Amino acid sequence: MSTSIIVGYRPFPGRTDLVVSILLEIYEAMQRAGLITARRPWIMRSEEGNVVAAFEMTDQYSFAASEKLRDVSVLRARLMGVAERLPLASLVESGEPYAEFETTTH
């Protein structure tokens with residue numbers, strides 16, 4: 001059985017596409033390092049325009065291990081410059097039995 005993480009971001013105005021692009025770059029860097037599986041992440045948009053990403057991790061993954069990767073640290077800093085991380089419970093969709101999101105085409 002795999003472990004997945006789900007994270008939500010509130011993009012700053014006009015930055016949604018950049019948030020998605022950076023998340024894909026983070027995926028690629030962590031996949032090369034063996035921290036994320038080859039399964040592409042699900043990157044979705046909420047009704048309010050927030051971005052939600054789900055990544056499948058390998059057994060070697062830990063947040064601390066990912067922070068040691070310079071590429072990932074730089075990308076996360078860029079991401080925090082265009083969005084803020086938000087609790088999943090703050091998404092309107094999280095209050096429903098079935099959370100529906102628009103899936104990005106990236």
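Bear in mind the structure is a predicted one, so any value in this text is a computation, not a measurement.
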> How would you list, by chain and number, every residue that makes a side chain to side chain donor-acceptor pair (under 3.5 Å) with Gln60, sequence neighbours excluded?
Replying inline: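 Thr58.
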>> Which residues pass the salt bridge (charged side-chain N to carboxylate O under 4.0 Å, His left out) test with Arg10, not counting sequence neighbours?
In response: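 Once residues adjacent in sequence are excluded, the partners of Arg10 under the salt bridge (charged side-chain N to carboxylate O under 4.0 Å, His left out) criterion are Glu84.
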>> For the backbone of Met44 and the side chain of Thr104, can you confirm whether one donor and one acceptor N or O come within less than 3.5 Å of each other?
In response: no
Donor-acceptor list for residues 70-79 side chains, cut-off 3.5 Å, not counting sequence neighbours:
| unit_1 | atom_1 | unit_2 | atom_2 | d |
| --- | --- | --- | --- | --- |
| Ser73 | OG | Glu67 | O | 2.8 |
| Ser73 | OG | Leu69 | O | 3.4 |
| Arg76 | NH1 | Ser66 | OG | 2.9 |
| Arg76 | NH1 | Glu67 | OE2 | 2.5 |
| Arg76 | NH2 | Ser66 | OG | 3.0 |

For residues [X] and [Y]: do they belong to one hydrophobic cluster (side chain heavy atoms under 4.5 Å, members Ile, Leu, Val, Met, Phe, Trp, Tyr)?
X	Y	answer
Leu18	Ile26	yes
Val52	Val7	no
Phe63	Leu23	yes

>> For the OG1 atom of Thr16 and the OH atom of Tyr9, what is their distance to the nearest 0.5 Å?
In response: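 Going from the OG1 atom of Thr16 to the OH atom of Tyr9 covers 14.0 Å.
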> Passes side-chain contact (heavy atoms from CB on, under 4.5 Å), Arg45 versus Val20? Steps please.
Replying inline: CA-CA 10 Å; Arg45 290 191 180 104; Val20 171; 4.1 Å; yes
>> Using the side chain to side chain contact (heavy atoms under 4.5 Å, CB included) criterion, which residues pair with Met57? Sequence neighbours excluded.
In response: Ile5, Met30, Ile36, Phe55, Tyr61
> Pairs in or reaching into residues 23-39: which pass side chain to side chain donor-acceptor pair (under 3.5 Å), with residues at least two apart or in two chains?
Replying inline: Thr37-Glu56, Arg39-Glu56
Considering only distance and modelled atom types, tabulate donor-acceptor pairs under 3.5 Å from the side chains of residues 87-96, sequence neighbours left out.
| unit_1 | atom_1 | unit_2 | atom_2 | d |
| --- | --- | --- | --- | --- |
| Ser90 | OG | Pro87 | O | 2.6 |
| Glu93 | OE2 | Glu47 | N | 2.6 |
| Ser94 | OG | Leu88 | O | 3.4 |
| Ser94 | OG | Ala89 | O | 3.0 |
| Ser94 | OG | Leu91 | O | 2.7 |

> With a 4.5 Å heavy-atom cut-off, do Ile22 and Val82 have their side chains touching?
Replying inline: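 Yes. Closest side-chain heavy atoms under 4.5 Å.
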>> I need the minimum non-hydrogen distance between Pro11 and Gly49, along with the two atoms involved.
In response: CD-O, 3.6 Å
